[in-house]
Amino acid sequence: MNATPPTPASAPPKLTVENVSKRFQTERSQVHALDRVSLDVREGEFVCLVGPSGCGKSTLLNIIAGLDQPDIGRVTADGKPISGPGSDRMVMFQESALYPWLDVLGNVMFSLKLKPALTNAERREVARFHLKLVGLEKFEAMHVHELSGGMKQRVALARALAPNPRVLLMDEPFAALDALTREQLYGDIQRIRAERRKTIIFVTHNVREAVCLGDRVVLFSANPGRIREQFEIGLPRPRDINSVALAEHSTKITRALKSHLSSELAEVAE
Amino acid sequence: MKRSLTTLLTFLVLLVIWQELVHYGIWSHVLVPAPLDVAKYFWDVLRDGSLLSATGVTLKRLLLGYFAGLVLALPLGLLTARFKFVHDTLGVLALGLQTLPSVCWAPLALLWFGQTESAMFFIVVMGSLWSVLLATDAGVRNVPLLYVRAAQTMGSRGFHTWFKVILPASLPFVVSGMKQGWAFAWRSLMAAEIYITILTGFGLGNLLHYGRELNAMDAVVGIMIVIVGIGLLTDKILFSPFERMLHRRWGTAK
């Protein structure tokens, strides 16, 4: 399982999560979403965060995005602490979060409009390039509601890629899609990642999906949210989600996940 | 085409029936003027220009007051949505005053501004202001948080987020509020014009009032038709294109 990582281990961590804890106060109870979580992500690495719902994996993603602040601990990108959201770390959400008042091209251009150095022609060119990358160059004039769920997520991906971020944060972006569309997107995301050299952190509760996409799979447990185990996935790329080798890996990880779940229950019972 | 022809024919037949009912005295012409009497009234007032000038006076009052109301209401609605304090104070006031038919302001408006255009202006503003304010507030509150968070990750901050994300996202609410504000402003202006005489200009409401005084029901019905016509036209010109655009973008209608 611990095969050679696809990027040299000597590469300095791109993102460093140090000892991060986060609690949420709801009306009835307190949720300990993250408990002293530390994680290093190398430049160009594809890391999948896997765990049961409520294990804080999305919270961690939001903290790295700068949308939430940790209670304690800190997150640095290139050694600099993250103080807020920024277009060097783009986020793809489970819902596309595309804007209905803009057409497809307008949505992809949204972040580019915030770059004063570009002319409008350049912005359009960059947006079209990324629409082509996700295979939607013919749909630039469509309205958001005219797109299928898979197309929406492709536009959201193009929108996230357009400002050329170094880090892509993906929060269960394919969870709401049907299996066939999802499989196409697995192929697309691997191809785009190879072409565009991004560091990607991908949150999912689907182990198979994580094994298919990730260089490394990080297993979380819930209440409190902690990292339990990490797996390097050395399978050659591009990977096919239906391959036997991949199934073997995911079975192993699923078993580990289940054993952590039952030990968690035991802890709660104590 | 065929459908509009059906509509036209139906109303034509109804008009003929109405004309004959009055003509043969089945309906008293004292109570209901005949269509031809109304047509004659239109011919007279169009020739002496009194209808056009009254329509002009009324529309000027309406548009001035309405757009002033909008200009006030939009930023105030954004403020009530943004700041808890403003919501708990101005928001509550708006909710209360929205229930008040704005013609109820007439006595105070006359006292404060005298028998002037300002009094009319004030009443129309009060008619449109509150509902547009409340709709803007509701619209902003209903903007999905995800839109804002997505904008932030793309580098949008502060005013940019407000003008490029929150405001357009709340448009469906704002436009329906604008429509409601328009209806309120229009109704209160009519009530005010019937109720108050402003010496600097006679609007449609004033004409309607004199029609009553002179027991000239042909004039009353004629002016009612003009009022309906203006309502329909503004809907077609002012709001329909807007609503069509929203439906197309949001995909909310067939």
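No experiment lies behind these values; they were computed from the predicted model shown. Order of the sequence lines sets the chain letters (A, B, ...), proteins ahead of strands, with each chain counted from 1.
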Does a sphere of radius 6.0 Å around CD in A/Glu125 hold more than 12 heavy atoms from other residues, nucleotides or ligands, not counting ones at 6.0 Å or beyond? no

Count the heavy atoms of every other residue, nucleotide or ligand shown that sit under 6.0 Å from CZ of A/Phe129, and state whether that count exceeds 12. yes

Do other residues, nucleotides or ligands put more than 12 heavy atoms under 6.0 Å from B/Met245 CE? yes

Distance-only donor-acceptor screen, chain A against chain B, under 3.5 angstrom:
{"from": "A/Pro85", "atom 1": "O", "to": "B/Arg157", "atom 2": "NH2", "distance (Å)": "2.4"}
{"from": "A/Tyr99", "atom 1": "OH", "to": "B/Tyr147", "atom 2": "O", "distance (Å)": "2.7"}
{"from": "A/Tyr99", "atom 1": "OH", "to": "B/Ala151", "atom 2": "N", "distance (Å)": "3.2"}
{"from": "A/Trp101", "atom 1": "O", "to": "B/Arg249", "atom 2": "NH1", "distance (Å)": "2.6"}
{"from": "A/His145", "atom 1": "NE2", "to": "B/Arg248", "atom 2": "O", "distance (Å)": "2.6"}
{"from": "A/His145", "atom 1": "NE2", "to": "B/Gly251", "atom 2": "N", "distance (Å)": "3.4"}

Can you say whether A/Leu112 sits under 4.5 Å from chain B via the side chain, the backbone, both, or neither, judging by heavy atoms? neither

Using a cut-off of under 4.5 Å for heavy-atom pairs, which of A/Leu169, A/Leu114, A/Val144, A/Val91 has the most such pairs with chain B? A/Leu114

